[in-house]
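Following: one structure in structure tokens, then a few remarks.
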Amino acid sequence: QVQLVESGGGLVQAGGSLRLSCAASGSIYSIYIMGWYRQAPGKQRELVATITTEGSTNTADSTKARFTISRNNTKNTVYLQMNSLKPEDTAVYYCYVASVVTSNGQYEVEVWGQGTQVTVSS
């Protein structure tokens, strides 16, 4: 079974930076998509950014100029560098992986992390 462990959230002032990390553990053979979603209070969960094994990225327009996603395939870890943070970036950030093949040949469509809180004060 694949598990995700997120880290790096916290409280930061507007204009500051944070770096989120998410490590996938378990008997993993490959993970095609890794990424981040976020959910603010009273709002639906929304895409922040995803990245494929080959490095192709998909980033939300609202964060494209400020956030950078990257991954380390050897470590099965995805990162989100968030710069110039705004109060509207305040949300719970969820790590997400999709199209996972385990070492014993099983396939998992998607797995979600528990979420890490990011709070940006004005």
Side-chain angles (χ1 to χ4, degrees):
Q1 186 175 359
V2 177
Q3 293 184 324
L4 303 178
V5 178
E6 300 138 326
S7 61
L11 173 65
V12 65
Q13 289 188 331
S17 299
L18 284 174
R19 188 190 194 213
L20 304 183
S21 299
C22 172
S25 63
S27 299
I28 298 170
Y29 178 75
S30 66
I31 303 175
Y32 183 55
I33 297 174
M34 304 186 79
W36 297 91
Y37 283 70
R38 68 183 182 185
Q39 187 167 18
K43 295 187 177 181
Q44 290 187 329
R45 191 172 297 189
E46 63 177 5
L47 169 73
V48 177
T50 59
I51 184 169
T52 67
T53 306
E54 295 86 2
S56 177
T57 61
N58 179 26
T59 306
D61 288 341
S62 61
T63 61
K64 190 171 293 185
R66 301 179 293 121
F67 293 5
T68 302
I69 189 169
S70 61
R71 66 186 279 176
N72 183 319
N73 292 329
T74 301
K75 296 182 178 180
N76 290 321
T77 300
V78 62
Y79 307 96
L80 184 68
Q81 178 66 44
M82 305 185 292
N83 298 327
S84 302
L85 283 160
K86 304 176 181 180
E88 50 262 45
D89 294 318
T90 295
V92 177
Y93 284 69
Y94 295 91
C95 182
Y96 165 84
V97 298
S99 299
V100 182
V101 179
T102 64
S103 298
N104 60 3
Q106 292 186 326
Y107 179 80
E108 297 194 40
V109 175
E110 60 182 29
V111 181
W112 290 90
Q114 293 295 313
T116 184
Q117 178 70 45
V118 171
T119 303
V120 184
S121 63
S122 58

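Note: hydrogens, waters and symmetry copies are ignored here, and every other heavy atom, side chains too, is used.
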Q: Might you work through the side chain to side chain contact (heavy atoms under 4.5 Å, CB included) test for L18 and F67, ending with a clear yes or no?
A: CA-CA 10 Å; L18 284 174; F67 293 5; over 6 Å; no
Q) Do D89 and K86 meet the salt-bridge criterion of a basic N to acidic O distance under 4.0 Å? A) no
Q: Using side-chain contact (heavy atoms from CB on, under 4.5 Å) as the criterion, point out the one residue from V97, V2, T102 that pairs with I28.
A: V2
Q) Which atoms form the tightest heavy-atom contact between P87 and A14, and what is the distance? A) CD-CB, 4.1 Å
Q. With the 4.5 Å side-chain cut-off for hydrophobic clustering, are L47 and V111 part of the same group?
A. no
(Q) If I take atom CD1 from residue I31 and atom OH from residue Y96, how far apart are they, to the nearest 0.5 angstrom? (A) 11.5 Å
Q | Pairwise distance CG(N58) to NZ(K64) - rounded to 0.5 angstrom | A | 7.0 Å
Q.
Here's a test for you: under side-chain contact (heavy atoms from CB on, under 4.5 Å), which of L11, L20, L80 qualifies with V118?
A. L20
Q) What is the distance from atom CD of E6 to atom CD of Q117, rounded to the nearest 0.5 Å? A) 12.0 Å
(Q) Can you tell me how far apart CD (E46) and CD (Q39) are? Round to the nearest 0.5 Å. (A) 9.5 Å
Q: Supply the atom-to-atom distance I51 CD1 to T59 OG1, rounded to the nearest 0.5 angstrom.
A: 8.5 Å
Q) Of all heavy-atom pairs between Y94 and G113, which one has the smallest distance, and what is that distance? A) CD2-O, 3.6 Å
Q) Does the side chain of T52 come under 3.5 Å of the side chain of E54 through a donor N or O and an acceptor N or O? A) yes
Q: Identify the heavy atoms of L4 and C22 that sit nearest to each other, and give their distance.
A: CB-SG, 3.9 Å
Q.
Could you measure the distance from the OG1 atom of T53 to the CZ atom of R71? Nearest 0.5 Å is fine.
A. 4.0 Å
Q. Closest heavy-atom contact between N83 and S17?
A. OD1-OG, 3.0 Å
Q | Student check: side-chain heavy atoms of W36 and C95 closer than 4.5 Å | A | yes
Q: Group every Ile, Leu, Val, Met, Phe, Trp and Tyr by side-chain heavy-atom contacts under 4.5 Å, then state whether I69 and L85 land in the same group.
A: yes
Q. If Ile, Leu, Val, Met, Phe, Trp and Tyr residues are connected whenever their side-chain heavy atoms lie under 4.5 Å apart, and connections chain through other members, are Y29 and V78 in the same group?
A. no
Q) Any side-chain heavy-atom pair from M82 and V120 closer than 4.5 angstrom? A) no
(Q) Is a donor from one side chain sitting under 3.5 angstrom from an acceptor on the other, for Y107 and S99? (A) yes
